Amino acid sequence: MSPRLTSKLLVGAIRRRVEATGGQAMVLAKGDETSGSILLALVRRGETVRLLERGFGAQGAYGWVTTGPEDCADPMVVSNYLQKRRRSDPDIWIIELDHDDPEQWLDDMTGTE
């Protein structure tokens with residue numbers, strides 16, 4: 001078994017990385033520092049474009065999986081979903097990443113296309 005980064009360390013690295021490329025990152029909900037789940041709200045100019053959660057991919061490695069409502073354009077739908085996730089998992093981290101091109105930023109960070 002390979003060593004795993006703590007959630008707090010990973011969240012800090014994500015925040016620094018998005019801020020280094022001109023974006024902003026805000027912790028909306030702080031979760032368990034060691035093993036809390038991480039949910040990213042990708043935002044462009046104040047509008048949520050996609051929600052992602054860290055999880056295991058098909059190859060057994062961690063990756064980012066789309067989650068939440070299909071239509072993230074409605075802020076109330078997104079807010080309700082995030083509140084529901086927080087109630088069902090109080091250890092989850094919810095991070096809002098506001099960037100000019102958040103999906104491209106994520107692809108660059110993870111090395112995917």
Side-chain angles (χ1 to χ4, degrees):
M1 188 160 120
S2 61
R4 181 176 173 215
L5 294 176
T6 67
S7 297
K8 181 179 179 180
L9 186 65
L10 182 57
V11 166
I14 290 169
R15 289 181 65 195
R16 285 187 299 280
R17 188 118 184 224
V18 77
E19 290 168 357
T21 60
Q24 296 179 356
M26 183 184 339
V27 176
L28 301 179
K30 189 175 181 179
D32 181 79
E33 292 185 0
T34 304
S35 60
S37 300
I38 300 173
L39 189 147
L40 301 178
L42 301 183
V43 176
R44 182 183 305 116
R45 295 182 198 99
E47 206 171 291
T48 304
V49 294
R50 196 162 151 206
L51 298 175
L52 301 163
E53 191 163 352
R54 186 168 184 245
F56 279 111
Q59 286 76 29
Y62 281 106
W64 296 101
V65 179
T66 300
T67 189
E70 284 185 32
D71 182 17
C72 290
D74 185 342
M76 285 304 297
V77 170
V78 171
S79 178
N80 289 339
Y81 177 77
L82 296 178
Q83 288 175 15
K84 180 180 170 185
R85 285 291 288 129
R86 185 71 176 159
R87 277 192 308 271
S88 68
D89 182 2
D91 291 332
I92 194 169
W93 291 78
I94 301 175
I95 315 300
E96 182 180 273
L97 303 178
D98 197 333
H99 197 275
D100 287 338
D101 193 350
E103 292 175 317
Q104 182 62 49
W105 174 85
L106 183 67
D107 289 346
D108 293 344
M109 183 187 82
T110 60
T112 60
E113 294 193 24

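Both backbone and side-chain heavy atoms feed into the values below; hydrogens, waters and symmetry mates do not. Every value quoted in this text rests on a predicted model; they were computed, and no experiment measured them. If you read the sequence from its start, that first residue is 1, and numbering goes on from there.
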Any side-chain heavy atom of [X] sitting closer than 4.5 Å to one from [Y]?
X     : Y     : result
Val11 : Val27 : yes
Asp98 : Met26 : no
Leu51 : Cys72 : yes
Trp64 : Arg54 : yes

Nearest 0.5 angstrom please: [X] [atom1] to [Y] [atom2], how far?
X     : Y     : atom1 : atom2 : value
Arg15 : Glu96 : CZ    : CD    : 12.0 Å
Arg44 : Arg50 : CZ    : CZ    : 11.0 Å
Ile14 : Arg16 : CD1   : CZ    : 10.0 Å
Ile38 : Asp32 : CD1   : CG    : 10.5 Å

Between [X] and [Y], what is the shortest heavy-atom contact and its length?
X     : Y     : answer
Trp93 : Ser7  : NE1-CB, 3.5 Å
Arg87 : Pro90 : O-CD, 4.1 Å
Ser37 : Glu53 : CB-OE2, 3.8 Å
Thr21 : Val18 : OG1-O, 3.0 Å
Ile92 : Arg85 : CD1-NH2, 3.1 Å
Lys30 : Arg86 : O-NH2, 3.0 Å

Are [X] and [Y] connected, step by step, through hydrophobic side chains (Ile, Leu, Val, Met, Phe, Trp, Tyr) whose heavy atoms are closer than 4.5 Å?
X     : Y     : value
Val49 : Val78 : no
Leu39 : Tyr62 : no
Val43 : Ile95 : no
Val65 : Leu40 : no
Tyr81 : Leu28 : yes

Using a 6.0 Å cut-off, check whether atom CD of Glu19 has over 12 heavy atoms from anything other than its own residue.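 Result for CD/Glu19: enclosed.
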